[in-house]
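Can you read through this structure? Questions will come right after.
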Amino acid sequence: MKRLLTGWVASLLLVSSVAGAPSWDSGKQGRFVMALARDAAGALWAGTEDMGVWRHDGQAWRQFTTKDGLGDDNAYAVCADSAGRVWVGHLNHGVSVYNGQTWRNYDLLTGPLGDRVHAIAAAPDGDVWMATSAGLTRYVAVIDAWVDYTIADGLPSNQFTSIAVDPRGVVYAGSACNGLAVGTLAGGRMVWRIVPGPIQRPQRSRVSGEKLLPSALINHLSITARGRVYVATNYGLAYSDDQAQTWTWARGVDWAEHVKGLADGAPRNFKADGPGTLLEDYVTFATEDAKGRLWVGHWTKGVETFDLGAGKRVWDSGTDSGRDFANAWLAVPGEAPLLAWSGGGLSQAGFGSASVAGVGASAAGAGTQPAPAPSSAAPKPVPALPKPAAPPSEKDLAQLQARLAACATPSPPGTAGFRGEDWQTQGDWVGRYGRTKGILCAQKAPLDDDMGNDMYTMVRARIGRHHGDKDSLRYWVHWLRSDDRRVLYNPTLGYRRQSDWDDHGETYAMTYDGPDMWVDVTVTAGVHRLSLYFFNKDGHDGANRWRDYLVEVKPYAADPKQAETAPTLAHCRVNRFWGGVYPQFVVTGPARYHVRIARNGSFNTIVQAVLVDKVWGELSFRDKWRQLWLASQPFGPVDQDWQRVKAAEEMVPEVADGLATAGLWRELSRATSCDGTWAVDRAARVELLRAMVAGKASAPATERLRWSLPAWEPEERKGFETSVSSAYKALRQKLDKDKGAPAG
């Protein structure tokens with residue numbers, strides 16, 4: 001589509017040069033600005049990746065980091081509540097809250113259920129809602145308490161990326177790849193209505209009155225003062241004026257090229273129903289300003305602005321100087337709005353001025369409070385910080401136990417489900433993952449490093465069938481040695497090495513479907529945890545920023561085309577993974593599966609490890625072996641003896657440690673065999689851990705439970721380095737002895 005008013009726009013394009021606007025030094029303050037907000041005092045807040053959060057009080061910027069009390073230095077969501085507190089969502093430390101004087105971090109034990117917090121929204125009643133990697137969390141202001149919501153409460157998923165609350169208090173929660181949840185309070189509890197969408201790209205552009213979203217992959221939500229709901233997705237923008245009952249879609253100019261780029265081409269007799277309206281199908285945010293203009297952010301095409309009254313685009317940012325991947329928008333009274341970029345820091349839009357963008361917008365799109373009017377009144381008292389989340393009561397534990405016990409029939413072979421995400425472990429996988437099979441991708445390029453005990457558990461990888469002649473899976477070693485904790489530690493090398501499989505997608509257009517990566521996994525009898533490790537190691541450089549995958553588990557089919565059309569047994573989404581993440585699936589055997597890692601319009605597809613662990617079933621003699629690369633060194637919770645692998649039932653007295661938690665632990669262990677519990681397993685373990693810590697359980701008991709989550713304490717990080725170093729030294733001594741050489 002031809003850009004409008006090109007010459008006029010070019011003369012107004014600004015990089016923090018509007019009078020009175022705060023300047024931003026990307027070199028010192030960060031190129032990756034992830035979220036924006038404005039607090040009750042009118043101060044501007046900018047959350048960054050790696051550089052903490054910044055506050056501008058009208059005079060200068062001030063940086064806050066872990067030294068000031070933040071959980072970690074990654075701020076993916078920022079929101080100001082009605083009490084005057086500022087909330088910051090982190091990579092793997094929950095949320096941190098600032099009351100104007102002090103920061104306090106609320107982690108797995110004391111705050112939201114998910115380590116990764118993607119978005120935060122302040123509700124009209126003073127509550128604060130968080131969209132996390134393990135469900136939704138609501139801080140209920142009137143009773144100073146935290147409440148979690150998961151699949152068990154009627155949500156479509158536990159992976160949430162966005163959250164917004166309308167003036168009536170209705171909650172809109174966008175999942176990563178399972179559509180929209182609309183929540184209302186009824187009878188003292190939240191009731192959720194699900195609005196679905198496809199996980200594959202739709203083949204229509206002009207749609208109105210539709211019951212579905214254009215995509216189940218949601219990036220952002222916002223709500224205007226008049227109640228219009230905007231949903232930004234990977235496959236276009238949807239909006240609703242009737243409380244999410246029906247939708248109108250707006251698609252990108254590239255939507256038809258994506259359809260034509262499918263593996264078998266466009267469907268027979270396909271005819272585009274018109275050109276797209278937007279510069280790009282992938283929408284990162286959509287927010288209206290007070291003058292009724294719509295601001296739309298994109299993945300690779302920057303930001304565009306529409307005059308809704310005139311029905312036309314009146315401005316776009318272009319894609320110069322890395323300002324192509326837009327993260328957030330924020331109104332600045334009397335000035336042009338601020339724009340946050342992945343790669344381009346913080347800039348000011350070169351178009352007019354705008355004020356507050358409606359109400360209830362999640363942190364990725366806009367702030368929610370107008371700047372206060374000047375006042376000579378005495379300053380308000382400092383608001384209290386929230387109390388830590390309370391541990392579950394015995395009644396809560398009993399209800400969890402009953403919920404798990406209701407799933408009584410073990411799942412048959414060939415069943416799969418999504419268990420959740422681990423953002424904490426990063427490259428420190430040893431002992432926690434891969435005891436049955438651990439494939440470190442391309443560590444010996446063009447070969448992998450196979451760390452498993454079980455020869456009957458097999459992992460093979462290839463690229464999908466839609467590729468060029470003679471193309472194949474690529475094996476890359478990027479850093480032979482690294483001290484970055486996000487890089488996988490290799491216990492046979494004694495240090496970290498960065499390598500991965502690559503589908504070579506960088507040589508294809510982003511509208512090309514594939515090639516994708518296909519991982520064939522064969523598991524033996526029992527229930528197994530299947531984990532993959534993703535770390536966007538060069539994700540701060542160029543096109544490497546554009547990685548966003550759909551991961552699907554499918555039953556095995558020998559014919560690649562049949563494999564593509566086979567039903568999806570479980571799926572999840574992997575995006576914004578600069579910090580490193582392990583998505584976890586549960587699969588039952590004996591069976592064979594495909595794991596499809598879809599490029600999904602990304603630059604290319606990469607993965608660093610595929611790891612399998614038996615979690616339920618008869619223990620074979622191989623299950624009882626020590627890992628060879630541990631060289632007979634015990635490694636695990638302090639009382640774990642890997643020569644004497646005990647069934648979960650036998651662990652009850654040790655883990656319960658005299659608390660009223662034995663029943664829940666027993667059901668957690670048994671319910672591992674049932675797919676009806678996999679999605680709530682992590683939440684139940686967190687509640688159990690909170691109860692054990694509150695009950696002052698012994699260190700061995702809580703360490704075992706943290707190990708199973710996984711959840712890390714700072715001293716465990718230090719212990720990891722000591723343990724693997726000792727094991728590597730013992731391994732070298734053993735190998736030297738076997739060779740008949742002097743140990744050294």
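In what follows, every heavy atom counts, from backbone to side chain, and hydrogens, waters and symmetry copies are set aside.
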Electrostatic pair D520:R460 at N-O distance under 4.0 angstrom: no
Test item: Y556 and Y593 side chains (from C-beta on) under 4.5 Å apart, heavy atoms: no
Separation between CG of D72 and OG1 of T66, rounded to the nearest 0.5 Å: 8.5 Å
Option passing side-chain contact (heavy atoms from CB on, under 4.5 Å) with V519 (candidates V459, V553, V551): V459
Pair D613 + R435, salt bridge at N-O below 4.0 Å: no
W476, CH2 atom: more than 12 neighbouring heavy atoms under 6.0 Å: no
Pair D548-S602, side-chain donor/acceptor within less than 3.5 Å: no
Qualifying residue, where the test is side chain to side chain donor-acceptor pair (under 3.5 Å) with E421 and the options are R116, Q159, Q584: Q159
Approximate separation, where rounding is to 0.5 Å, of K729 NZ and R732 CZ: 13.0 Å
cation_pi(R432, W707) dist<6.0 Å, angle<=45: yes
Side-chain touch V477/R497, heavy atoms, less than 4.5 angstrom: yes
S96 side chain to G71 backbone, donor-acceptor under 3.5 Å: yes
Donor-acceptor contact present, side-chain D115 to main-chain G94, <3.5 Å: no
Stepwise side-chain contact (heavy atoms from CB on, under 4.5 Å) test for V117 and V88: CA-CA 8 Å; V117 176; V88 174; over 6 Å; no
Ring centroid separation W429 to Y533 under 6.0 Å: no
Test item: W678 and S411 side chains (from C-beta on) under 4.5 Å apart, heavy atoms: yes
Any donor-acceptor N/O pair, T568 side chain to E552 backbone, under 3.5 Å: no
G52 backbone acceptor or donor facing T48 side chain under 3.5 Å: yes
Check: C177 main-chain N/O paired with H571 side-chain donor or acceptor under 3.5 Å: yes
Side-chain donor-acceptor pair present, H504, D471, cut-off under 3.5 Å: yes
From D449 atom CG to T492 atom OG1, the distance as rounded to the nearest 0.5 Å: 4.0 Å
Beyond-backbone contact of N92 with W712, side-chain heavy atoms, under 4.5 angstrom: no
F535/V487 under side-chain contact (heavy atoms from CB on, under 4.5 Å): CA gap, chis, key distance, verdict: CA-CA 8 Å; F535 164 41; V487 174; 3.8 Å; yes
Check: D73 main-chain N/O paired with T65 side-chain donor or acceptor under 3.5 Å: no
Nearest-0.5 Å distance, CH2 of residue W501 to CD1 of residue I597: 8.0 Å
Any donor-acceptor N/O pair, S726 side chain to S723 backbone, under 3.5 Å: no
Value rounded to 0.5 Å, distance of OG1 in T436 from CG in L530: 11.0 Å
Partner of R547 under side chain to side chain donor-acceptor pair (under 3.5 Å), chosen from D538, N600, T605: D538
Aromatic plane relationship, H118 with W423 - under 30° parallel, 30 to 60° tilted, over 60° perpendicular: perpendicular
Greater than 12 external heavy atoms within 6.0 Å of Y495's OH: yes
Lys/Arg N to Asp/Glu carboxylate O, E667 vs R670, below 4.0 Å: yes
Any residue meeting salt bridge (charged side-chain N to carboxylate O under 4.0 Å, His left out) with R496, in chain and number order, not counting sequence neighbours: D428, E721
Results of side-chain hydrogen bond (donor to acceptor under 3.5 Å, both in side chains) for H540 - residues two or more places apart only: E49
Lys NZ or Arg CZ of R545 over W578 ring: under 6.0 Å, within 45°: no
Expected output: side-chain T702 to main-chain V693 donor-acceptor under 3.5 Å: no
Donor-acceptor contact present, side-chain D503 to main-chain D516, <3.5 Å: yes
Sidechain-backbone polar pair: Q63 side chain, M51 backbone, donor-acceptor under 3.5 Å: yes
Over 12 foreign heavy atoms within 6.0 Å of CD, E618: no
side-chain contact (heavy atoms from CB on, under 4.5 Å) between W103 and V53, worked out: CA-CA 12 Å; W103 286 97; V53 65; 4.1 Å; yes
Value rounded to 0.5 Å, distance of CE in M517 from CG in D500: 7.5 Å
Any D450 side-chain heavy atom under 4.5 Å of K437 side chain: yes
Note, K614 side chain near T457 side chain (heavy atom, < 4.5 Å): no
Side chains of L611 and M451 in contact at under 4.5 Å (non-hydrogen atoms): no
Note, Y549 side chain near V607 side chain (heavy atom, < 4.5 Å): no
